[in-house]
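Small disclaimer: the values here were computed from a predicted structure and weren't measured. Order of the sequence lines fixes the chain letters, A, B, ..., with proteins taken first and strands second; residue numbering starts at 1 for each chain.
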Number of protein chains: 4
Amino acid sequence: MSKIKKIAVFTSGGDAPGMNACIRAVVRTGIYLGYEVAGIKQGYQGMIDDNIENMSRHSVSNIMQLGGTVLKTARCLAFKNPDGMQKAYENLKKRGIDALVAIGGDGTFTGAERFSSTYDIPVICVPGTIDNDLYGSDFTLGFDTATNTVIEAIDKIRDTAESHDRLFFIEVMGRDAGCIALRAGIASGAEAIMLPEKDTAISELIDLLEHGAANKKSSSIVIVAEGDKNGGAFGVAKLVKEKFDFYDTKVTILGHLQRGGSPSSFDRILGSRMGYAAVKALINGDNRKMVGLRGNEIVLTDLKEALTDHEFKLEDDLMEMSIILA
Amino acid sequence: MSKIKKIAVFTSGGDAPGMNACIRAVVRTGIYLGYEVAGIKQGYQGMIDDNIENMSRHSVSNIMQLGGTVLKTARCLAFKNPDGMQKAYENLKKRGIDALVAIGGDGTFTGAERFSSTYDIPVICVPGTIDNDLYGSDFTLGFDTATNTVIEAIDKIRDTAESHDRLFFIEVMGRDAGCIALRAGIASGAEAIMLPEKDTAISELIDLLEHGAANKKSSSIVIVAEGDKNGGAFGVAKLVKEKFDFYDTKVTILGHLQRGGSPSSFDRILGSRMGYAAVKALINGDNRKMVGLRGNEIVLTDLKEALTDHEFKLEDDLMEMSIILA
Amino acid sequence: MSKIKKIAVFTSGGDAPGMNACIRAVVRTGIYLGYEVAGIKQGYQGMIDDNIENMSRHSVSNIMQLGGTVLKTARCLAFKNPDGMQKAYENLKKRGIDALVAIGGDGTFTGAERFSSTYDIPVICVPGTIDNDLYGSDFTLGFDTATNTVIEAIDKIRDTAESHDRLFFIEVMGRDAGCIALRAGIASGAEAIMLPEKDTAISELIDLLEHGAANKKSSSIVIVAEGDKNGGAFGVAKLVKEKFDFYDTKVTILGHLQRGGSPSSFDRILGSRMGYAAVKALINGDNRKMVGLRGNEIVLTDLKEALTDHEFKLEDDLMEMSIILA
Amino acid sequence: MSKIKKIAVFTSGGDAPGMNACIRAVVRTGIYLGYEVAGIKQGYQGMIDDNIENMSRHSVSNIMQLGGTVLKTARCLAFKNPDGMQKAYENLKKRGIDALVAIGGDGTFTGAERFSSTYDIPVICVPGTIDNDLYGSDFTLGFDTATNTVIEAIDKIRDTAESHDRLFFIEVMGRDAGCIALRAGIASGAEAIMLPEKDTAISELIDLLEHGAANKKSSSIVIVAEGDKNGGAFGVAKLVKEKFDFYDTKVTILGHLQRGGSPSSFDRILGSRMGYAAVKALINGDNRKMVGLRGNEIVLTDLKEALTDHEFKLEDDLMEMSIILA
């Protein structure tokens with residue numbers, strides 16, 4: 001591996017709050033340590049389209065507090081075939097870019113791993129996704145902000161949940177992973193949480209709600225991860241209503257508002273640390289690794305290992321608390 | 001009309017942020033001016049059930065910042081027939097309550113008007129509903145907070161609206177009145193607003209979106225009032241998708257989170273002024289009137305006049321701005 | 001007056017939330033109606049320095065939710081003398097600008113009035129200042145957001161106000177006008193409000209606090225406008241502490257955080273309406289007028305009249321409520 | 001140690017957001033597992049005054065989202081002498097309380113350690129303080145919320161920081177520990193951070209600011225921890241102003257607003273986990289231990305070890321980032 005001179009950073013896949021803090025840290029750390037830094041727009045698509053700009057300290061001023069990503073993001077099918085990759089490589093080469101920091105989810109990591117192996121260009125990945133479903137980091141970038149957004153929404157709904165006959169179903173993000181649903185459910189005192197990881201029968205849910213009604217609960221809030229098998233919040237609401245006529249049911253679909261918003265302190269610090277660490281890792285000669293948070297420290301994990309199929313498990317104590325504390 | 005000694009306050013119909021500020025003002029103004037004040041729980045239902053408590057200055061401490069209503073609210077069919085009213089009257093009489101402040105929407109006002117006429121008990125009404133659809137006040141209690149809640153949600157969604165093929169449909173409250181949709185749409189820079197007051201054809205909406213796409217808008221946000229004839233946000237999204245294949249559509253249903261939340265400064269001040277003015281009006285011998293905000297002043301309107309069918313019109317300049325500024 | 005072809009907009013004096021909504025409305029309304037629109041950076045200074053750019057619909061995209069002003073603002077002594085004005089006029093003429101929209105406070109209005117009279121260039125002013133101290137409008141742009149910012153801060157302080165011996169002094173903006181202090185004080189349930197408009201003796205304040213302590217209030221919050229004669233929050237705290245040893249006093253100086261923040265729905269709508277109305281007024285041939293909100297309608301007032309010395313009075317009912325409800 | 005039947009929980013020292021989540025978890029976990037649970041009001045003072053109530057699942061409903069602590073807190077000198085402790089012990093005995101969960105800072109821990117040793121009553125401590133200055137846990141309860149509160153305030157101030165001659169000094173909590181200042185400073189992109197842990201000479205600060213001014217920074221934000229040796233934000237501002245006449249300086253003292261506010265998701269989850277773990281630990285026979293978060297897991301540390309003098313060190317990478325990224 002030759003000595004690095006110019007690092008490029010990009011975001012890919014779904015955007016997540018905190019990505020801008022990470023971009024800023026890559027740019028400023030790189031420049032501070034004597035490297036040139038470029039920003040690639042719209043992820044792999046921008047690599048292919050040569051949508052690339054040189055970055056200065058000033059070009060990342062005043063972006064840390066913004067949601068989304070200033071480098072934009074896009075899905076890119078073309079990068080999955082050799083021609084697309086080749087085009088991308090030529091653009092990087094033309095611009096003297098000899099190292100990459102990729103911010104995104106597992107799709108992003110897979111592309112980065114393949115590209116780096118094929119063209120011998122060093123890459124460090126940063127886990128940026130609100131879903132918190134990646135191996136190698138206790139928390140992904142954006143998860144903390146998303147969870148805060150969800151509990152603020154539920155707090156408001158609870159304000160209005162007063163008369164005995166109201167039952168609220170709130171659908172939150174999480175197609176395969178129930179991290180947001182589980183944490184937001186506990187943090188907002190939800191009466192029940194429907195997770196993709198756990199098959200909750202509708203009859204079980206109704207038992208729980210009847211038990212609450214018997215205990216004179218004046219209202220109940222049920223969190224439903226979008227990946228729930230009963231068809232999301234509307235699906236669950238419909239099934240409950242068929243068998244449990246008592247309640248007036250209300251549905252909220254939080255949708256994409258969970259992706260946005262100014263990043264929390266946690267995500268700004270996490271993004272900054274990860275961006276800083278990614279540049280340091282490249283300089284140290286690391287390659288095809290992801291940075292991650294373990295405890296209060298940044299660690300590196302081989303992309304190969306990160307991308308191996310890991311059984312993803314929700315925290316045991318949180319699972320138990322979701323029942324005990326509800 | 002005999003001299004008033006004891007005033008009771010209650011909330012009825014849908015809850016709205018700011019109701020607690022109003023309750024607090026009624027209690028503290030009444031006591032300050034030498035009257036006893038009681039609180040009736042769950043609106044007309046509590047009147048019938050004798051769910052009534054004497055209030056002190058202290059009993060309304062630290063409630064102004066809370067969403068919802070500490071006196072609760074409920075629908076009450078029993079109050080619509082003479083027996084229910086008679087029972088309610090007897091409970092008030094038994095407790096020495098000889099004047100009422102009713103906080104709620106037009107259903108609440110109708111009940112108050114009939115009850116006051118039948119039993120010769122003075123009543124002043126306060127317009128408390130997020131929908132801003134009442135005659136006699138520029139703004140109803142709760143509308144400002146609800147609109148702020150909606151624009152904060154849309155601001156977050158806009159953060160994530162970056163790739164060219166995204167189209168967001170956001171459903172907001174408003175079965176018959178598009179006040180929230182119109183104001184929130186303008187205040188968040190929505191590309192289109194679907195109002196119950198105005199029949200927007202789907203073809204018209206698609207023209208607008210195609211125009212935006214042609215102008216390289218990378219994303220579009222469409223606000224849909226729940227009373228829209230096409231079936232709310234999901235209905236509109238489905239119809240658009242059938243004809244306009246290009247976009248990836250995303251739906252958010254804000255639902256009851258619009259009713260909750262800590263009241264804005266505007267609603268706390270409005271609730272305080274209206275509660276204060278309602279007590280002053282009772283003392284002045286006013287009866288069967290509603291308090292309202294006109295400009296920066298509190299005015300009284302006869303309930304009869306307020307309850308007559310008025311054509312409700314959205315502001316002309318706002319309607320024009322919703323097109324010009326989008 | 002010749003027919004207008006090109007309108008320029010600028011912000012001057014202290015920035016206020018909602019200015020961006022107003023700039024956006026001026027630009028989009030002007031362009032929609034067939035005019036060219038330019039933006040002048042840093043107020044009168046930019047006029048003198050020829051720091052002026054043509055604006056397009058796109059150049060004001062996605063700015064409505066931002067605090068501050070994208071056109072920047074600055075104090076400008078040079079504009080007070082004839083040479084500065086002459087230079088400014090020449091720059092406008094060179095660029096074909098033949099009408100102005102000025103957003104700011106009374107200093108801004110004074111400059112605009114003089115400039116317009118001297119050079120016969122039509123100008124419409126928009127009241128943009130968080131202080132709400134201008135004649136001709138019930139509310140100025142930014143006041144609603146600032147008041148919300150203050151009550152959110154006080155709500156947090158109240159959370160922690162629990163032990164009997166705590167007394168909090170919170171200094172809010174308002175050198176000459178107590179609008180923010182009065183409204184925020186009522187809206188947050190402050191125990192006392194120190195206004196520039198009203199001489200509250202320290203002995204009076206101590207009586208009030210002792211009364212509260214006797215009534216077992218566990219804590220007290222005192223709002224102090226920065227223009228208070230006792231030396232702001234630190235001054236009042238010191239004087240109270242000398243005579244009233246009982247309490248542990250804590251001081252918060254909110255300072256410039258009151259100027260910032262994403263504008264509230266109220267200020268976004270107000271800014272949009274005022275910008276829209278300012279352009280309409282120019283087109284109608286109005287000159288040297290300010291737009292203002294009266295009730296729910298936009299009205300025009302002659303700048304001359306607006307700039308005459310008016311006695312500024314806080315609302316009577318609010319003044320009384322600040323005592324009764326505390 | 002005899003078998004536990006009844007656990008009491010209390011909060012002591014400064015309040016912190018998340019304490020209510022912890023109280024709720026102690027109560028619900030205890031009851032779920034078959035124990036009685038009592039709540040002691042106002043910390044050690046309430047133990048001495050017998051200000052103790054039995055808690056039910058219902059008594060902790062709807063408290064998780066509240067700032068402060070529903071059990072109140074107070075300083076208590078009387079507990080430091082044997083008579084006070086003896087009185088406290090008798091009250092606990094009388095009520096059948098045979099185990100304690102203490103939530104607070106190191107003063108709270110010291111009292112708990114001594115009391116438990118003297119009277120052989122098992123106690124588990126939970127680190128609740130916004131200062132994040134305790135050994136045995138990566139994060140203390142309340143720190144995350146406080147840091148978010150600070151960055152939201154700074155974000156607003158940055159909105160208004162536009163003209164070249166503005167310099168903002170913002171004082172944040174931290175008498176001995178600069179955790180809040182360091183993290184909030186990085187997360188808000190502050191130009192300089194004055195920490196109690198590090199002696200920054202005023203001349204050094206001025207160099208930095210002059211460097212920024214030379215680079216055409218239009219404004220600068222300096223975070224000052226209250227424990228800074230130059231006299232807090234006002235002290236630093238005064239010293240800078242003496243030597244660096246150029247700038248218009250503005251001071252904000254955030255004060256106690258940093259302690260309040262609805263807890264973040266992180267603090268709600270942390271409080272819930274710690275309360276749950278404290279009860280589990282008591283049941284397992286643990287004694288005189290504190291619960292703490294290490295990575296994503298809850299761990300126990302002996303109080304003796306926790307209370308030994310540890311050198312407290314800010315994270316190395318954060319210290320470096322505070323310079324590189326500014």
Side-chain angles (χ1 to χ4, degrees), chain A residues 11 13-17 19-20 41-43 45 66-76 130 142 145-146 149-150 152-166 168-171 218-219 221 232-234 248-263, chain B residues 11 13-17 19-20 41-43 45 66-76 130 142 145-146 149-150 152-166 168-171 218-219 221 232-234 248-263:
Chain A
T11 49
D15 61 312
M19 283 182 163
N20 287 327
K41 292 282 179 80
Q42 301 196 293
Q45 190 62 50
L66 303 178
T69 157
V70 295
L71 291 178
K72 315 279 181 189
T73 175
R75 279 172 300 174
C76 176
I130 64 167
T145 305
T149 301
V150 172
E152 281 165 29
I154 304 176
D155 283 356
K156 291 190 184 187
I157 290 172
R158 200 171 281 287
D159 276 346
T160 192
E162 267 148 295
S163 49
H164 187 75
D165 53 353
R166 281 279 167 78
F168 294 90
F169 295 91
I170 302 170
E171 186 175 305
S218 62
S219 71
I221 288 177
F234 275 115
D248 182 19
T249 60
K250 303 284 177 191
V251 171
T252 290
I253 312 280
L254 291 175
H256 271 59
L257 84 86
Q258 297 165 83
R259 269 199 198 289
S262 184
Chain B
T11 50
D15 62 312
M19 283 183 163
N20 287 328
K41 294 280 181 79
Q42 300 196 294
Q45 191 62 50
L66 303 177
T69 157
V70 295
L71 292 178
K72 316 277 181 188
T73 176
R75 277 173 302 175
C76 176
I130 64 167
T145 305
T149 300
V150 173
E152 282 164 28
I154 303 176
D155 283 356
K156 292 191 183 184
I157 290 171
R158 200 171 282 286
D159 275 345
T160 191
E162 268 148 292
S163 49
H164 188 74
D165 54 352
R166 280 279 167 80
F168 294 90
F169 295 92
I170 303 170
E171 185 175 305
S218 62
S219 70
I221 289 178
F234 275 115
D248 182 18
T249 60
K250 302 285 177 188
V251 172
T252 290
I253 311 280
L254 291 176
H256 271 61
L257 83 87
Q258 296 165 84
R259 269 198 198 290
S262 185

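- In this structure, A/D15 contributes its side chain and A/K72 its backbone to no donor-acceptor pair below 3.5 Å.
- One distance of note links CD1 of A/I170 with CD1 of B/I253; it measures 13.5 Å at 0.5 Å rounding.
- Side-chain N or O atoms of A/Q45 include none that pairs as donor or acceptor with a backbone N or O of A/Q42 at under 3.5 Å.
- With a threshold of 4.5 angstrom between heavy atoms, A/F234 approaches chain B through side-chain atoms but not through N, CA, C or O.
- Neither the backbone nor the side chain of B/Q258 comes within contact range of chain A; no heavy atom of the residue lies under 4.5 Å from a heavy atom of that chain.
- Contacts of A/E171 with chain B are absent, with no heavy-atom separation under 4.5 Å from either backbone or side chain.
- Here B/P263 pairs with B/P17, B/T145, B/D267, B/R268 under the side-chain contact (heavy atoms from CB on, under 4.5 Å) rule; sequence neighbours left out.
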